[in-house]
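Each ligand, and each atom within it, is numbered from 1 in the order the structure gives.
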Amino acid sequence: MEKLVVEGGKRLSGKTRISGAKNSILPILAASLLSSEEVEIKDVPDISDVEVMLDILECLGVNVSRESSTLNLNPSSLCTSEIPESLMCEMRSSIFLMGPLLGRLGKVKVSYPGGCDIGPRPIDLHLKGLASMGAKISEESGYVYAEASKLRGSTIHLDYPSVGATENLMMAAIFARGSTKIYNVAKEPEIVDLQNFLNKMGAKVKGAGTDIISIEGVNYLNKVSHRLIPDRIIVGTMIAAVGVAGGEIIIDNVIPEHLEAVIAKLRETGIEIWEDTDSLLVKVDRIKAVNSVRTLPYPGYPTDMQPQTMALLSYADGISVIMENVFDGRFGHVEEFKKMGAQITIDGRSAIIKGVNKLTGAVLKAPDLRAGAALVLAGLSAEGITIVDEIHHIDRGYEKLEIQLQNLGAKVKRVHAPVINV
Ligand code: EPZ
């Protein structure tokens, strides 16, 4: 099993470049199934969730080739809609495949999605929307079956602005007969990226980034070349890293308007952030507490920055409160931070953090992707050595996080702990 070993006390300096967004590439890989011609995607991050999604696409008959961070896919040879359960369970995003496979092949069988342990991950909004478009949905012994000779346009009101349900239903509507309107949609930048990708292939989607998305059904999508937007959550993670470790860095390949809530809130903690067109200069002296951080759907404070923000505020002068409003139970990292001496209490959806001068290195376990990254961040300024285990969670969404931090002066290394077969 691999672990990350962090030696605290090194300030950060230098420059880092952000890769394409994980939460863009995953729905865009699913959407590539809608094309009958070549699909080229640039700035693809080298992360394990992409590997899993590419394995799934290859199982479905798609030809895949990769040249560094550029992917070339040929979905014209798509031949089945049965996704292998072993791959389906590896990450939640495989649920995005329902929409495109229904649209392309008229039927799909998926097992309930896997993914991070950050609380219940229902798919009722996905299924309700697909049913309203005429799909026959059945669920049996852990599998979901959907069938429709031809989906029909529909008016859909999402009970919650779910990112995945918005994306799945956008993709399902591409080849549907007539027009579809989806209300109360998610407005994340990754939804806009997906709309741009689909429209480059000849789809007719509009409204992404607003509360209502409209789709006119078409019959064919052609080839496309698309560069992903940068990963705003990795940008936020790097800003928090400077906040914890101290120092000054430049972050390249950033779209600042994708992080307005994050930049505003982290400035409140005392981190100085200067914006340029596609980069940020970040520096810090002292971190101070902030009264409240409330996670919300975009453009609110992203839930995917919640654990990293908690790492930062564990070192702040004063008492901070973080309220997690998107997921039930996204506090798996609190017990790990407390092993380092953090003073955090949970009260319902809120975490009350009493900042301390120093945390102490400890042996920790990454409970999920963003929490794992947050534990590494906490170790950057801890006394002594912090060991983070279960780092496969981190590798799902960060390209060799230890290399990125090493290049900024941190002492973080990946060790291959021996697996002792008893
Ligand atoms: C996407 O997950 C992201 N993943 C998550 O990022 C992110 O945390 C989340 O959106 C919220 O921003 C990808 O894009 C691949 P949701 P998703 O559907 O689509 C409830 C990361 O670290 N809900 O917006 O699964 C659900 O229970 C990951 O990069 C229903 O009730 O999130 C949750 O409380 C973690 N019924 C809320 O909506 C449904 O049918 C938000 O979920 C669907 C969702």
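For the pair I239 and M305, the minimum side-chain heavy-atom distance is 4.5 Å or more. Contact check for N168 versus I95: side-chain heavy atoms found under the 4.5 Å cut-off.
Side-chain N or O atoms of N253 include none that pairs as donor or acceptor with a backbone N or O of R17 at under 3.5 Å. Side chain of N199 to main chain of V205: a donor-acceptor pair is present (N/O by atom type, distance under 3.5 Å, no hydrogens or angles).
Taking 4.0 Å as the cut-off between side-chain N and carboxylate O, D395 and R414 count as a salt-bridged pair. Ion pair D389/K3 flagged as a salt bridge, since at least one NZ, NE, NH1 or NH2 atom sits closer than 4.0 Å to an Asp/Glu carboxylate oxygen.
Set against the non-hydrogen atoms of S162, the atoms of ligand 1 under 4.0 Å away are 16 (P), 18 (O), 24 (O), 43 (C), 44 (C). Per-residue contacts place R370 under 4.0 angstrom from the following atoms of ligand 1 (heavy atoms of the residue considered): 21 (C), 22 (O), 29 (O). Annotation for ligand 1: atoms under 4.0 Å from non-hydrogen atoms of R330 are 8 (O), 22 (O), 35 (C). Taking every heavy atom of H126 and a limit of under 4.0 angstrom, the matching atoms of ligand 1 come to 40 (O).
Considering backbone and side-chain atoms together, V326 places an N or O closer than 3.5 Å to an N or O of ligand 1. Between L125 and ligand 1, a contact under 3.5 Å exists for at least one N or O pair. In terms of N/O distances under 3.5 Å, ligand 1 is approached by V163. Residue D124 places at least one N or O, backbone or side chain, under 3.5 Å from an N or O of ligand 1. Residue G164 has at least one nitrogen or oxygen atom sitting less than 3.5 Å from a nitrogen or oxygen atom of ligand 1, judged on distance alone. In terms of N/O distances under 3.5 Å, ligand 1 is not approached by Y160.
Counting heavy atoms under 4.0 Å from ligand 1, residue E167 does not touch it at all. No part of Q306 comes within 4.0 Å of ligand 1, judged by heavy-atom distances.
The nearest non-hydrogen atom to atom 27 (O) of ligand 1, considering only P297, P122, A165, comes from P122. Counting only non-hydrogen atoms, the option in I233, D49, I25, D304 that gets closest to atom 35 (C) of ligand 1 is D304.
Under the 30°/60° scheme for interplanar angles, the aromatic rings of F197 and H226 are found to stand perpendicular.
One finds the CD1 atom of I234 at 7.0 Å from the CD1 atom of I47 (value rounded to the nearest 0.5 Å).
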Please report the C-alpha distance between D43 and R227 in whole Å, then the side-chain angles of each, then the deciding distance to 0.1 Å, and finally whether the salt bridge (charged side-chain N to carboxylate O under 4.0 Å, His left out) criterion is met.
CA-CA 6 Å; D43 231 357; R227 178 177 297 279; 3.8 Å; yes
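Between H393 and ligand 1 there is no heavy-atom distance shorter than 4.0 Å.
Between the side chains of T70 and E40, no donor-acceptor pair is found at a separation under 3.5 Å.
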